[in-house]
There are 2 protein chains.
Amino acid sequence: MSAPPQPRLRADAQRNRERILVAARELLVEEGPEFSFDKIARRVGVGNATLYRHFADRRELIHHVVLSVVSRIADRAERARAEEPDAFRALSRFVHAAADEQVGALCPLLDGDVDRHHPELEDARLRMERGIEALLSAARNSGQLRPDVEVGDLMMALSQLTRPLPGPGCTNFGQFIHRHLQIFLDGLLAPARSQLPGRAATFSDFRDN
Amino acid sequence: MSAPPQPRLRADAQRNRERILVAARELLVEEGPEFSFDKIARRVGVGNATLYRHFADRRELIHHVVLSVVSRIADRAERARAEEPDAFRALSRFVHAAADEQVGALCPLLDGDVDRHHPELEDARLRMERGIEALLSAARNSGQLRPDVEVGDLMMALSQLTRPLPGPGCTNFGQFIHRHLQIFLDGLLAPARSQLPGRAATFSDFRDN
DNA sequence: GAAAAACGGGGACCATCCCCCCGTTTTTTG
DNA sequence: CAAAAAACGGGGGGATGGTCCCCGTTTTTC
C-alpha cells in the first residue's frame, strides 16, 4: 500500500500551524474574511512563507479556521447539555463558553468564502446546529425560555456582542462582554417581558446569504 | 469688520457635503476609522477631490461625522425623555432610535482619532451624556431598571448590537437588530433575573482608551 | 450671460499585499 | 553526534489600492 498521506508533521511545524490558526481566527473576527496574510505572519512571529507552506490559499486557511471553531462550539454545546441538568443553565453556560471560542469567526460561513459542502465541515456544522437546537428546545420545553425566539436570534446576537471593536482603542471592552451576554440571557427568560418586532431568526438566516 | 468666515456654501456644495457625511458615517461604522477616502467618493458618486475640498484630512472628516452623530443621539435622548411619560418606555424608545442613528460610529471617540477637547464636540458630548444619564436615572428611580447596570453597559451593548458584520455577506442581519435590542432591553428590566459578573461599565469605560 | 464657485477624473507617488525563491536553521534519524 | 530531511525567514517583483493634487469642464449665482 501507499505511504501514509500525512507522514506526521515535524514538531515545530505542528506548533506553528496551530499558532497560525489561532491568529487567523482572531483576524477573521476582527477584520472579516479579507484579512492580510502578512499580518497573520507578523502576529504569529513567523515568516510569511510558513503560511503558504501550510495552506495553499485563503480559502483553505479559512476553511480550517471555521472547521476548528465549529467543532469547538459543537463540543461546548454538547458538554453544556450533558453536564448541566437545568436546561436554561446549560444554555447560559454554552453562551458564555461560545463567547470565549470567538463565535464571531463563524460569519464567513455565510458568504462564499468557505466550501459549504466540504464533508468534514458539513459534519461539524450539523453537530453544532443539533447541539445548539437541543439546548434551545430543552430550555423552551422546560418553560424557562421565552417562546418567541429562535436559534438564529441567539447566534446573531452572540456573534455581535462578542466581536472586538474596530480600531486600536476599545481595548477594555473585553472585560464587559460577559455582563452583556448575561443581560441578554436574562432577556431570553420566560415569561417574555415584551413583544418582539419582526420574525424570529432561524439557523438559515444566520447561515445563508 | 472682516467678511463672514463662512460666506455660505453653494447649493450643490452643501448637498454634497451632507451626502459625504452620511457615507462617511456608514463606512466608519462598517470598517472603523481607517476607511478609504476614495471609497466614500465612489459611494456618494462624487469625485474624490470634492472630499478634500470639504475636509482637510481624515481627522477633520471624522470629527464632523462624530459631531453630527453625537448631537443627533443627544436630540433623540432629550426627545424620548420629553415625550414619553413612562421612564422605561422612554429608555426603550431611545435605544431603538439610537440604533437607527448608527451609534456604532461613536467608537472612534475612544481612541486618538478625534480631538476630544474640541469645544463644539465637548458640548455635544456632554449634552448626550446628560441626556442618556437622565433617561437611565429616571428608569432606575422608577424601579423599572435593574440597579446593577450603568450607562456604559448600555452604550457598549448598543454599539455592538447595531454594528454591521464584516464581509459582503450577512446582509439580512439588519432586519433583526431591533429584536435583539428588545431582548436586551427586557434583560435590563427590574427585578434583575441574575447576578452580573464583573463591575458596571461607566461612560468613561465607553469613552476612554 | 459672465464671473465665481465647485466638480470630476486622471495621474504621480507611496504603502501594502500576495506569492515565490533560496540560503539558513531546526529537527529527526540511525 | 553527524548527516539528511524538513521547515523556516526574509527579501523582492509585480500588482493592487490608497492619498492627495492639478487643471480643464460644468454648475450655480447674480
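The chains referred to below are lettered A, B, ... by the order of the sequence lines, with proteins before strands, and numbering in each begins at 1.
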Q: Answer whether the closest heavy-atom distance between the side chains of B/Phe37 and B/Leu61 falls below 4.5 Å.
A: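 In contact.
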
Atom-to-atom span, [atom1] of [X] to [atom2] of [N] - whole angstrom:
| X | N | atom1 | atom2 | answer |
| --- | --- | --- | --- | --- |
| B/Gln14 | C/dC7 | CD | P | 11 Å |
| A/Ile20 | D/dA7 | CD1 | C1' | 11 Å |
| A/Asp38 | C/dC20 | CG | C1' | 12 Å |
| B/Phe37 | C/dG8 | CZ | C1' | 17 Å |

(Q) So which atom in B/Ala105 and which in B/Leu28 form the shortest heavy-atom distance, rounded to 0.1 Å? (A)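 Distance-wise, the nearest heavy atoms are O-CD2, 3.9 Å.
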
Write out a two-atom table: protein N or O, nucleotide N or O from nucleotides 26-30 of chain D, distance below 3.5 Å.
residue: D/dT27; atom: O2; partner: B/Arg10; partner atom: NH1; Å: 3.1
residue: D/dT27; atom: O2; partner: B/Arg10; partner atom: NH2; Å: 3.2
residue: D/dT29; atom: OP1; partner: B/Ala11; partner atom: N; Å: 3.2

Q | Sugar-phosphate, base or nothing in reach of A/Arg58, heavy atoms under 4.0 Å | A |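 Contact class for A/Arg58: sugar-phosphate only.
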
Q: Examine distances only and state if a side-chain atom of B/Ser159 and a backbone atom of B/Met155 form a donor-acceptor pair shorter than 3.5 Å.
A: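 Yes.
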
Q) Looking only at atom types and distance, does a side-chain atom of B/Arg179 sit under 3.5 Å from a main-chain N or O of A/Pro197, one as donor and one as acceptor? A)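 Between the backbone of A/Pro197 and the side chain of B/Arg179 there is a qualifying donor-acceptor contact (under 3.5 Å).
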
**Q.** A/Ser36 side-chain proximity, nearest of C/dC17, D/dT19, C/dC7
**A.**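 Closest nucleotide among those given: C/dC17.
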
Q) Which residues in residues 39-56 of chain A have at least one heavy atom lying under 4.0 Å from any atom of DNA chain C? A)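 Here the set is A/Arg42, A/Asn48, A/Ala49, A/Tyr52.
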
Q: Cation-pi check, B/Arg79 to B/Phe94: give yes when NZ or CZ is under 6.0 Å from the six-membered ring centre and within 45° of the ring axis, no otherwise.
A: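 No.
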
I'd like to know whether [atom1] of [X] has more than 12 heavy-atom contacts from other residues, nucleotides or ligands below 6.0 angstrom.
| X | atom1 | result |
| --- | --- | --- |
| B/Arg193 | CZ | yes |
| B/Arg89 | CZ | no |
| A/Arg81 | CZ | no |

